2 protein chains.
Amino acid sequence: MDRKQEILLAANKSFSLFGYKATTMEQIAKIANVGKGTIYNFFENKEVLFQEIVLRMIEEMKQEALNVIIEEAPFQQNAHAALMKMLEFRETHQLYAKIIDEETQWKTPAVKQVIGQVEQAIVSFIGEKINKYVQKGEIRQVNEELVAYLLLKAYVGFVNDWNLTHDDSLTEEEIANFFQDTIFRSLAI
Amino acid sequence: MDRKQEILLAANKSFSLFGYKATTMEQIAKIANVGKGTIYNFFENKEVLFQEIVLRMIEEMKQEALNVIIEEAPFQQNAHAALMKMLEFRETHQLYAKIIDEETQWKTPAVKQVIGQVEQAIVSFIGEKINKYVQKGEIRQVNEELVAYLLLKAYVGFVNDWNLTHDDSLTEEEIANFFQDTIFRSLAI
DNA sequence: AAATGACCGAATGGACATATCGGTCATACA
DNA sequence: TGTATGACCGATATGTCCATTCGGTCATTT
């Protein structure tokens with residue numbers, strides 16, 4: 001397999017297992033079976049490597065969402081299906097939320113930038129989809145950025161934050177049905 | 001004025017100005033014009049003092065909300081009015097979010113407990129109001145806890161988190177109208 | 001009975017030495 | 001000639017003192 005892929009896999013494994021700070025470039029190199037210097041042939045630095053992994057995860061998630069969206073299906077059905085698909089990866093999302101949170105506490109501008117990029121990537125993807133259905137005339141005219149932002153915050157809230165103050169998680173169905181019943185519903189014409 | 005009130009005022013001022021850690025009990029005592037020991041006649045420890053301040057702020061907010069709610073008015077109007085009233089205090093809310101966030105980074109169970117209490121107090125207040133309108137038959141039957149939780153997360157999201165990735169804040173009207181247009185709207189029969 | 005500040009032990013922060021890590025680059029290698 | 005590599009370097013983190021500060025107590029005062 002090509003070295004870049006190996007490095008990404010190794011880094012992903014190490015970040016997931018030990019978090020950002022506790023992962024060293026040497027460790028990644030060892031797992032990937034490459035020299036430390038090789039990593040720097042592909043990635044500018046540790047921060048960028050991490051960013052690349054996160055951004056690739058988002059791309060994967062976009063693809064997963066697109067795979068369950070049926071062009072001719074009504075908005076509600078597609079929204080529900082896409083959300084259920086995302087929820088299949090909720091543990092992964094929680095894990096990355098935790099790692100990014102660990103990074104956040106440390107307040108460098110680079111971290112803020114990563115968070116901004118992640119948020120922007122997700123919000124603009126959701127925003128585009130919302131917009132498509134607005135144009136189709138299937139849902140009301142709304143500020144798609146605000147709706148997308150709300151959806152993201154709600155998702156993180158129920159998948160991640162909820163467990164901080166509640167003993168048991170909400171099930172995928174509870175979450176998806178609730179979204180269906182509130183936010184998605186409010187968009188209907 | 002009674003000493004407990006003086007202490008609360010002094011502590012509030014100091015926490016707001018310097019944050020939790022940088023505020024010392026001696027400092028509070030000095031501002032309040034009392035001996036340090038006196039504080040401990042009213043509050044078990046620093047953590048509890050802070051908690052008391054936050055919980056009192058929530059009580060104030062509840063009162064402010066109740067003051068603008070008109071018993072006979074429709075749900076949408078009251079929800080909008082209450083939200084607009086809360087938004088008058090958004091800077092204060094942001095400030096306390098920051099202080100609590102500062103505390104959070106430090107991960108003691110006591111902090112988690114405070115956060116839990118704050119969340120629970122807010123969610124159960126909103127939940128009760130939601131429930132009232134459900135019983136009146138003005139809004140759909142929904143899981144009031146989930147709706148309240150969503151409203152809280154959305155509020156914090158737009159008032160607090162939004163500014164982390166955007167240069168300019170949303171106006172009170174933008175936020176309130178958006179809520180009206182999405183979450184509140186979805187509750188209508 | 002309530003208020004207080006001297007007092008205590010624990011926690012914090014500063015200073016300094018050491019270790020570790022991110023990142024570079026001269027060399028090896030293909 | 002271009003890619004891979006690990007020894008090397010400077011910066012940052014970690015560990016270790018010790019002095020100071022702070023949260024919390026309590027004997028004394030009011």
Side-chain angles (χ1 to χ4, degrees), chain A residues 1-54 99-114, chain B residues 1-54 99-114:
Chain A
M1 200 193 295
D2 75 288
R3 311 175 97 75
K4 187 170 181 181
Q5 208 51 234
E6 293 281 15
I7 292 167
L8 282 166
L9 247 44
N12 197 338
K13 185 181 294 183
S14 194
F15 286 136
S16 299
L17 233 44
F18 309 113
Y20 183 81
K21 246 193 61 179
T23 293
T24 71
M25 296 302 264
E26 221 154 1
Q27 196 174 30
I28 295 172
K30 185 162 290 182
I31 298 176
N33 278 313
V34 298
K36 187 167 68 153
T38 309
I39 299 178
Y40 291 88
N41 287 339
F42 297 102
F43 306 98
E44 202 182 316
N45 55 42
K46 189 181 179 183
E47 192 72 41
V48 165
L49 171 58
F50 180 71
Q51 188 175 330
E52 182 86 13
I53 288 175
V54 174
I99 299 173
I100 289 180
D101 186 63
E102 175 212 328
E103 264 200 277
T104 307
Q105 317 218 348
W106 154 26
K107 304 268 181 193
T108 137
V111 174
K112 278 187 69 172
Q113 201 213 339
V114 177
Chain B
M1 200 191 296
D2 75 289
R3 310 174 97 76
K4 187 170 180 180
Q5 206 53 232
E6 294 281 14
I7 293 167
L8 282 166
L9 246 45
N12 197 338
K13 186 181 293 183
S14 194
F15 285 136
S16 300
L17 233 44
F18 308 113
Y20 183 81
K21 245 192 61 178
T23 292
T24 70
M25 295 301 264
E26 220 155 1
Q27 196 174 29
I28 295 172
K30 185 161 289 181
I31 298 176
N33 278 312
V34 298
K36 188 168 67 153
T38 309
I39 299 178
Y40 290 89
N41 287 340
F42 296 103
F43 306 97
E44 201 183 317
N45 56 41
K46 189 181 180 183
E47 193 72 37
V48 165
L49 171 58
F50 180 71
Q51 189 175 329
E52 181 87 14
I53 288 174
V54 173
I99 299 173
I100 289 181
D101 186 63
E102 175 211 329
E103 265 200 276
T104 306
Q105 318 219 347
W106 150 32
K107 305 270 180 191
T108 137
V111 175
K112 278 186 70 172
Q113 201 213 340
V114 178

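For the numbers below, each heavy atom of this structure counts, side chains included, while hydrogens, waters and symmetry mates do not. Values in this document were obtained by computation on a predicted structure and should not be read as measured data. A, B, ... follow the sequence lines: proteins, then strands. Residue 1 opens every chain.
Of all heavy-atom pairs spanning B:Lys46 and B:Thr23, the tightest one is NZ-O, 2.8 Å.
Computed from coordinates, the B:Met25 CE to C:dA10 C1' distance equals 16 Å when rounded to whole Å. Taking atom CD1 of residue A:Ile28 and atom P of nucleotide D:dG6, one finds them 16 Å apart after rounding to whole Å. For B:Ile39 and C:dG5, the CD1 to P distance is 11 Å, given to the nearest whole Å. If you measure from atom NZ of A:Lys4 to atom P of D:dT3, you get 14 Å, rounded to the nearest angstrom. One can place NZ of A:Lys46 at 15 Å from P of C:dT20, the figure rounded to the nearest angstrom. Here D:dA4 presents its C1' atom at 6 Å from CZ of A:Arg3, a figure rounded to the nearest Å. For A:Lys30 and D:dT5, the NZ to P distance is 14 Å, given to the nearest whole Å. Rounded to whole angstrom, the span from the NZ atom of A:Lys21 across to the P atom of C:dT20 amounts to 14 Å.
Here the side chain of B:Asn45 is nearest to one of C:dT4, D:dG23, D:dG24, namely D:dG24. When the nucleotides C:dC21, C:dT4, D:dG24 are ranked by their closest atom to the side chain of B:Tyr40, D:dG24 comes out on top.
Contact annotation: A:Asn41 side-chain N/O to D:dA4 OP1/OP2 distance is under 4.0 Å. Side-chain nitrogen and oxygen atoms of A:Thr24 include none within less than 4.0 Å of the OP1 or OP2 phosphate oxygen of C:dC21.
Looking at B:Met25 and B:Ile28, their side chains come closer than 4.5 Å, going by heavy atoms from C-beta outward. Between B:Leu8 and B:Leu49 there is a side-chain heavy-atom pair separated by less than 4.5 Å.
Within 6.0 Å of CD in B:Gln105 there are more than 12 heavy atoms belonging to other residues, nucleotides or ligands.
Of the candidates B:Glu103, B:Glu47, B:Glu102, B:Glu47 is the only one forming a side-chain hydrogen bond (donor to acceptor under 3.5 Å, both in side chains) with B:Tyr20.
Of the two residues near DNA chain D, A:Glu26 and B:Glu44, the one whose nearest nucleotide lies more 5' is A:Glu26. Both A:Gly37 and A:Ala22 lie near DNA chain C, and the one whose nearest nucleotide falls closer to the 5' end is A:Ala22.
For B:Lys36 against D:dG24, a side-chain-to-base donor-acceptor contact under 3.5 Å is present.
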